[in-house]
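Below, chain A is the first sequence line, B the second, and so on; all start at residue 1.
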Amino acid sequence: MNSLFTSFRRILPLNPNSHHHFLLHKFSSSRRSSPPIPIQRLQQPPASPDSTRHQLTVPDFSQTDLATISNLLENQNVIPGSSLESALNETGIEPSYQLVQALFDRLSSSPMLLHSVFKWADTKPTFTLSPSLFNSVINAMCKARDFESAWSLIFDRVRSDGGSELVTADTFTVLIRRYARAGMVQQAIKAFEYATSYYDIELKLLEVLLDALCKEGHVTEASMYMERRRRMDSNWIPSVRIFNILLNGWFRARKLKQAENLWGEMKEMNVKPSVVTYGTLIEGYCRMRRVEVAMEVLEEMKMAEMEMSFMVFNPIINGLGEAGRLQEALGMMERFFVCVSGPTIVTYNSLVKNFCKAGDLLGASKILKMMMNRGVDPTPTTYNHFFKYFSKHNKTEEGMNLYFKLIEAGHSPDRFTYHLIMKMLCEDGKLSLAMQVDKEMKNRGIDPDLLTTTMLIHLLCRLDMFEEAFEEFEKAVRRGIIPQYITFKMIDNGLRTKGLTEMAKRLGGVMSSLPHSEKLPNAYREVVDAQPPGRGDRRKSILHRAEAMSDVLKVCRNPRKLVKMRGSPRMTVREDEKLADDGDGDAVRVPHESSSPLS
DNA sequence: ATAGGGTTAG
């Protein structure tokens with residue numbers, strides 16, 4: 001830290017007359033001690049609904065058992081299930097609720113192993129299957145797209161009269177949501193119809209069905225299904241909840257016209273809108289950049305004496321800010337103050353963002369002061385908006401000033417903060433600072449990633465420091481990062497031009513040991529073909545290209561979010577192999593037909 | 001987990 005600070009002063013002498021020096025004092029006023037790095041992690045298995053019910057029972061699964069079985073499964077994964085079952089029996093391990101649950105978590109991608117484990121546990125007399133464990137088997141099977149096994153499990157447990165202790169409405173909820181997620185709309189509907197023919201749970205499940213379809217991007221189908229039911233029973237009036245679900249679906253799909261039609265229909269049918277309805281409308285209109293209309297809805301809501309909260313104020317304040325109407329946004333916040341919930345961190349962050357976007361840093365820091373006076377602490381998101389501004393306008397010095405202030409005040413920058421800072425420093429050619437920030441980022445527990453590594457290496461190339469670039473390249477690979485092909489090419493070209501063929505060969509060796517594509521952005525190929533590596537403005541455009549490319553490579557961690565944003569023309573999502581499994585274990589969508597008993 | 005609920009885009 002100290003060396004970083006000194007070198008910073010050497011490279012960028014502090015300028016007390018900087019336009020943005022007022023920022024220097026803002027963040028430090030909420031001085032607090034640096035939060036300790038959490039060392040201990042929870043050792044216990046995640047609590048499940050069933051285990052919390054018997055809180056006093058000693059956890060009944062040992063890590064050794066889990067390891068033994070995991071090991072067994074790994075070595076058996078090509079041998080048919082029957083032999084696996086006997087192998088499991090030979091271990092002599094008694095299945096328990098938690099052990100089985102833990103195994104399911106590990107097996108979510110392998111339906112066959114899942115099935116074996118389930119059968120192994122299920123045949124033991126000491127093992128009793130609870131409804132929630134049963135549903136989690138169903139869930140795991142469906143997640144692995146083995147709907148057929150899920151159905152056969154259900155049919156095994158359903159009595160001839162259709163009743164069952166295990167098969168409940170929740171079971172079908174799981175099934176329906178999973179079908180919807182897999183894009184199998186017809187199967188989702190069939191599952192719903194099957195369930196409702198046996199159970200008296202139609203209303204709740206209908207909501208589940210429509211909600212699942214809407215959330216997975218099938219609003220039209222959801223809406224058509226509702227219409228069909230209305231035609232079947234002309235007296236039927238859909239619940240507010242159903243209207244809300246569909247309204248939300250239309251807005252998510254950015255179909256304003258349809259949303260408005262439904263809203264009209266709702267009024268025609270005298271279905272009284274709820275707070276959720278108003279919230280959905282307001283948020284929806286704001287997202288469609290129709291703040292004006294959103295504010296009309298707000299007035300209507302007031303007339304209806306509905307309680308107004310951050311659910312309606314936040315989108316409007318953000319909408320006004322996005323439209324550059326910052327004074328009105330502030331005015332709206334005044335109204336917000338008098339309501340019970342009052343402004344939240346989201347409100348302040350949104351205002352800070354839009355003041356920064358408008359280039360009004362003074363306004364932004366006033367918001368900052370306001371929020372801290374009200375006891376709301378800024379989050380990394382808050383100050384990232386400032387960094388965004390500094391990075392965009394090449395205000396490296398101001399950016400670094402802010403960075404040091406934050407560190408001194410005990411704040412913890414996040415990954416995005418470091419991305420912005422590194423971008424700023426690399427574009428500005430501040431090599432030694434960039435190297436040190438990179439180091440500090442590591443020390444603070446944020447692992448360097450493809451993006452920061454790429455920026456750093458490309459800077460080295462720009463500075464004709466190809467040997468150092470190679471060194472960083474190797475380091476990155478050792479940390480498990482696969483550099484982009486363009487990065488390799490840049491170093492390779494540089495080394496060859498400098499006559500360092502031996503090093504170039506080593507570089508080539510490292511690269512070919514890595515799985516990689518050989519695609520290059522067009523802009524790069526043009527430049528390289530036209531002129532050998534050198535300095536000049538066009539080199540800079542390469543850097544920009546490379547950064548843009550690595551931005552694209554950022555993987556969305558949560559597939560649900562992709563689904564949420566789907567249909568938005570302003571969002572470009574590459575639905576390719578990069579969208580593979582994440583923590584939740586949801587598989588990539590692949591069109592796939594099921595041969596469930598219903599299809 | 002699921003009726004809205006948030007985070008940064010040219």
Between A/Asn314 and A/Thr344, is a side chain to side chain donor-acceptor pair (under 3.5 Å) present by the stated rule, with each step listed? CA-CA 8 Å; A/Asn314 284 345; A/Thr344 66; 3.2 Å; yes

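Nucleotides B/dG6 and B/dG10, compared at atom P, are 22 Å apart to the nearest Å. Distance check on atom C1': B/dA1 versus B/dG5 gives 13 Å, rounded to whole Å.
In this structure, A/Arg415 atom CZ and B/dT7 atom P are separated by 18 Å, rounded to whole Å. When the C1' atom of B/dT2 is taken as reference, atom CG of A/Asn139 falls 13 Å away, rounded to whole Å. In this structure, CG of A/Leu420 is placed 12 Å from C1' of B/dT7, rounded to the nearest angstrom. In this entry the distance linking OH of A/Tyr348 with C1' of B/dT7 reads 18 Å, nearest Å. In this structure, A/Tyr383 places its OH atom 14 Å from P of B/dT7, rounding to the nearest Å. In this structure, CG of A/Asp414 is placed 13 Å from P of B/dT8, rounded to the nearest angstrom. At whole-Å resolution of the value, CG in A/Leu210 and C1' in B/dT2 are 14 Å apart. At whole-Å resolution of the value, CG in A/Asn244 and P in B/dT2 are 16 Å apart.
Here A/Phe313 pairs with A/Phe336 under the ring pair (Phe, Tyr, Trp, His ring centres under 6.0 Å) rule; sequence neighbours left out. Residues satisfying the ring pair (Phe, Tyr, Trp, His ring centres under 6.0 Å) test with A/Phe243, not counting sequence neighbours, are none.
A salt bridge is absent between A/Arg290 and A/Glu296; no separation between the charged side-chain nitrogens and carboxylate oxygens falls under 4.0 Å. Ion pair A/Lys353/A/Glu322 flagged as a salt bridge, since at least one NZ, NE, NH1 or NH2 atom sits closer than 4.0 Å to an Asp/Glu carboxylate oxygen.
A/Thr277 comes within 4.0 angstrom of no nucleic acid atom, judged by non-hydrogen atoms across all strands. Among the atoms of the strands shown, only primed sugar atoms or phosphate atoms (P, OP1, OP2) are found under 4.0 Å from some heavy atom of A/Thr280. At the heavy-atom level, A/Val346 lies under 4.0 Å from the strands shown only through sugar-phosphate atoms.
In the set B/dT8, B/dA1, B/dA3, B/dT8 carries the atom at the smallest distance from any side-chain atom of A/Lys353. When distances run from any side-chain atom of A/Lys215 to the nucleotides B/dG6, B/dT8, B/dT2, the shortest one goes to B/dT2. Considering only side-chain atoms of A/Glu283, the nucleotide from B/dT8, B/dG6, B/dA3 that sits closest is B/dG6.
OP1 or OP2 of B/dG5 has at least one side-chain nitrogen or oxygen of A/Arg252 nearer than 4.0 Å.
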